[in-house]
Each structure stands twice: as C-alpha cells, then as structure tokens.
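Note that this is a predicted model, so its numbers are computed, not measured. For the single chain, residues carry numbers from 1 onward in sequence order. As a basis for the values below, the full set of heavy atoms in this structure was taken, side chains included, without hydrogen atoms, waters or symmetry mates.
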Amino acid sequence: MAGSETGVRPSEARQRLLNAATRIFYGEGIHSVGVDRIIAEAKVTRATFYRHFPGKEDLVLAYLQAADQAIRDQVGTAFAAGLPAPDDVLRAVAESIARNIQSAGFRGCAFLNAVAEYPDPDHPVHQAVLAHRQWFLDTINTLLASIQEAEAEPAAQHFVMLRDGAMAAGCLFDPVLICETFLRGVEGLIRTHAARQPS
C-alpha cells in the first residue's frame, strides 16, 4: 500500500499490523486467528491496534484491499508494458497469475479463501470479495471485447473459471503442470474467441 487517499503514508505500526495479518490470514485462515496473535506478531500494543483498526473485521477488509491493490498493480503492469495487442495483454495477465501460483507459500486465491469463511452475501467481507471479482471480470471482458466484441462476456467468464480452477489446483498439485494447463487453456480461449464471427 503506497499511501492513503490523502497522500499520507500509513504509519509503520499500521503497516506492521497489515503485514502480520496478511501473512497469517493467508497462511492459516481468518477465523482461526485472533487479534492478540496479530498484535503479538506485529509487536504493537493493543491500544495501537485499535487506533488503526476499530475491530478485527476492519483489519480483514484492509487485508483484502491490499490484496486487491496488488492484483490491480499486476494487471496495470501488463497494460503498461506497451504490448501491441489486447491478446498479448491478456497473455501477460495470465502469465502473472501463473507466476503467483508458482510462488513460495502459495495456498490459493486470497479472495476465494476469505469468502469461504464469510458465506453471508451481506457481510462486508463477502461484499469486498464480490467487488474485487467483478472488477477482474470486467477487466478481462474489456480485453476480450477489444479482440472480438461478439460473446466477450461469456469468454471472460470462461477465463475467470480457468483462473479459479488453476488457483485451487495450484496449491494441491504440481504448480508447474497446473500453470502449463492454465496457460494452454487461456491460449485456446484467446484463439477461439479471436476466430469468432460477429453475429
């Protein structure tokens, strides 16, 4: 997180809390971890925690906002790379997903993991997951529509399902093989979509 909306850098204590929460929530789950554990790992006082986060749910939302921003930055990097065509940008996005799956400590999608713990669709954490996923789907839809407008939305949903499957399988099986399968699937999707005739 570069800073808040006012341009002020977050305090060091807040960043330590967020770093500890990110590591522990992603590695162990959200409900299984109490505030005391986060405070101890971040080496801050309870008063400092509550000064930055009124409650655990606020910290969970900050964790998801940071994860959302990291993915937006990855996608932004693909867009900013000066690639000549939207299909190349889509491939770059897929490759960034594959790199993430093969990274040390990978244990699935932070958002899918979180929503499994917050099934109530009205809960703010559930809503944050849905907002992230809608942004991602819209982004992929825009890229596919730039390749071929016809049937872009179903193709985007197909891409997201390929991604979800790769993220789930990537922490269960050989991530290299999973990523090869994922990238092959994305390539097939792009070629099929590009060849689609407008109705």
request  = Please round to the nearest 0.5 Å and tell me the distance separating atom CG of Leu189 and atom CZ of Arg184.
outcome  = 14.5 Å

ask   = Of all heavy-atom pairs between Tyr26 and Gly108, which one has the smallest distance, and what is that distance?
value = OH-O, 2.6 Å

key: Interatomic distance, Gln148 atom CD to Ile190 atom CD1 [nearest 0.5 angstrom]   = 14.0 Å

ask   = Is a side-chain N or O of Lys56 found less than 3.5 angstrom from the main chain of Val33, in a donor-acceptor match?
value = yes

Nearest non-hydrogen partners of Pro121 and His126, listed with the distance = CA-CD2, 3.4 Å

query = Would Thr139 and Thr142 satisfy side chain to side chain donor-acceptor pair (under 3.5 Å), going step by step from the backbone distance to the final call?
reply = CA-CA 5 Å; Thr139 301; Thr142 298; over 6 Å; no

task = Kindly compute the distance separating CD1 (Ile24) from CD1 (Ile38), expressed to the nearest 0.5 Å.
result = 4.0 Å

query = Are Glu28 and Arg23 within salt-bridge range, i.e. N to O under 4.0 Å?
reply = no

inquiry  = Assigning hydrophobic clusters by single linkage (Ile, Leu, Val, Met, Phe, Trp, Tyr; side-chain heavy-atom cutoff under 4.5 Å), is Trp135 placed with Val125?
reply    = yes

ask   = Do any N or O atoms from the side chain of His193 and from the backbone of Leu144 form a donor-acceptor pair under 3.5 angstrom?
value = yes

request  = Please report the C-alpha distance between Met167 and Phe182 in whole Å, then the side-chain angles of each, then the deciding distance to 0.1 Å, and finally whether the side chain to side chain contact (heavy atoms under 4.5 Å, CB included) criterion is met.
outcome  = CA-CA 9 Å; Met167 294 287 264; Phe182 168 63; over 6 Å; no

ask   = Looking at Leu162 and Val186, what are the two nearest heavy atoms and their distance?
value = CD1-N, 4.0 Å

From CD1 (Ile140) to CZ (Phe159), nearest 0.5 Å = 4.0 Å

task = Could you grab the distance from atom CZ of Arg14 to atom CG of Leu59, nearest 0.5 Å is fine?
result = 8.5 Å

request  = Quick one: which residue pairs count as a ring pair (Phe, Tyr, Trp, His ring centres under 6.0 Å) with a foot in residues 90-121, not counting sequence neighbours?
outcome  = His31-Tyr118, Phe111-His132, Tyr118-His123

Exercise: identify the closest heavy-atom pair between Ala152 and Asn141 = C-OD1, 3.2 Å

key: Ser11 side chain reached by Arg16 side chain, heavy atoms, under 4.5 Å   = no

ILVMFWY cluster, Leu90 and Met161 together (side-chain gap under 4.5 Å) = no

task = Verify side chain to side chain contact (heavy atoms under 4.5 Å, CB included) between Ile30 and Glu117, making sure each step is shown before the conclusion.
result = CA-CA 7 Å; Ile30 297 170; Glu117 296 194 58; 3.7 Å; yes

inquiry  = If I compare all heavy atoms of Glu41 with all of Ala20, which pair ends up nearest, and what's the gap?
reply    = CB-CB, 4.2 Å

ask   = How about Glu149: does its CD atom have over 12 heavy atoms from other parts shown lying under 6.0 Å from it?
value = no

task = Show which residues join Ile178 in its hydrophobic cluster (side-chain heavy-atom contacts under 4.5 Å, direct or indirect), or state none.
result = Leu172, Phe173

task = Taking all non-hydrogen atoms of both residues into account, name the closest pair between Val44 and Ile39 and its distance.
result = O-CG2, 2.9 Å

query = Linking Ile, Leu, Val, Met, Phe, Trp and Tyr by side-chain heavy atoms under 4.5 Å, what else ends up with Leu130?
reply = none

Within residues 55-95 or reaching into it, pairs that qualify as ring pair (Phe, Tyr, Trp, His ring centres under 6.0 Å) - sequence neighbours excluded = Phe25-Tyr63

Name every donor-acceptor pair, under 3.5 Å, that has one atom in a side chain of residues 92-102 and the other anywhere in the protein, sequence neighbours excluded.
{"unit_1": "Ser96", "atom_1": "OG", "unit_2": "Val93", "atom_2": "O", "d": "2.7"}
{"unit_1": "Gln102", "atom_1": "NE2", "unit_2": "Ala98", "atom_2": "O", "d": "3.4"}

Residues that Arg91 engages under side-chain hydrogen bond (donor to acceptor under 3.5 Å, both in side chains), provided they are two or more places apart = Asp87, Asp88, Glu187

inquiry  = If the threshold is 4.0 Å, N to carboxylate O, is there a salt bridge linking Asp138 and Arg133?
reply    = no

query = Distance from Cys171 atom SG to Asn113 atom CG, nearest 0.5 Å?
reply = 7.5 Å

